[in-house]
Amino acid sequence: MSDPTPTPGLHHVTCIAGDPQQNIDFWVETLGLRLVKQSVNQDDPSTYHFFFADAEGTPGTSMTFFPHANAGQGKVGSGQVSRTAFRVPEGTLDYWESRFDECGVEYDERIERFGETVLQFEDPDGLPVELVEVEVSEDDPTVPWTEFVPEEHAIRGFHSVTLWLADPEPTHELLEKMGLENVGTEQAQGDTPGDQRTRFEASGPVGKYVDVLPTVSGGRQGAGTVHHVAFQTPTDEEQEAMRTMVSREGLRPSGQIDRHWFRSVYFREHSGVLFELATKEPGYTTDEPLEDLGGHLVLPGKFESRREQIEAGLPDVTVPEPETAEADD
Ligand code: ZN
């Protein structure tokens, strides 16, 4: 059997959060991402599902959350994505540090990792996040959303995820079968000093890295932790080939599930991290025009007929908008 087409990289990362308004305020107003979809958790429609991305919801840019005011606090540990990293243009970390100072966001001292500069911080739920300076070329596929952060400083999609795994070796092999290349190991800093960080690289350019750190410290799913990470399998055929490979590895992938904006296959990798394979089509503009993305609660398929009941069970939220700058007139 032929090998599956290599994944180009990450598609989206989905996390658990606490208060929905706090979640929107931080990811839109502080980090400057666009809310491209307001929906509900398709497995639990009493919980919102927010999607924050670049201006067009380009694959490899969307960070999504299931926010619930009563979500218990989670703990990052083995079998999870321990940290999610975003790309920012070279030389912009000064801007981000002063922005964080103004917004009262604490951050750590910058570190160097695989020759790149990294700024680590947490979102209001304690979710570990980082910004990594990269060279952004003229033809970069991401489209910055400039309502809160100027274009030249804006986040440009995912850089990487870091996985904490009890037994990394089988996952190293899995990542290589998914088409990522082992590009080296270095002493880890910032997360778990003393351990070795091994980097895997996809074709990219967005969301092209997966880093693996061995750890046995126990985690607990809850607010401030990642629920799953999705990889791009652009077409149904590519997804099915990847699914077949995963199945041969003994990892019991789900069948294809229609997630309305993409079609998905789920499986847990060897150390328990929930992986998803997501198609490119149909994308976030399948049910809202580009200019209106995220403006209203979208209820896919069967949920639309229950709109009144679903809306009644969700807290009101306000999407932040920039203050109209009268001084500019
Ligand atoms: Zn997902």
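Counting convention: from 1, in listed order, for ligands and their atoms alike. Position 1 is the first residue of the sequence; numbering continues from there.
The closest side-chain donor-acceptor pair between His12 and Glu276 falls under 3.5 angstrom.
Using a 30° and 60° split on the angle between ring planes, Tyr284 and Trp261 fall in the tilted class, from 30° to 60°. Between Phe100 and Tyr107, the angle of the ring planes lies from 30° to 60°, which puts this pair in the tilted group.
Among the backbone and side-chain atoms of His228, an N, O or S atom lies under 2.8 Å from the Zn ion (ligand 1). The Zn ion (ligand 1) has an N, O or S atom of His12 under 2.8 Å away, backbone or side chain.
If you look at Glu276 and ask which of its N, O or S atoms sits nearest the Zn ion (ligand 1), the answer is OE1.
Remark: of the listed residues Arg199, Arg197, Glu130, Arg197 is the sole one forming a side-chain hydrogen bond (donor to acceptor under 3.5 Å, both in side chains) with Thr162.
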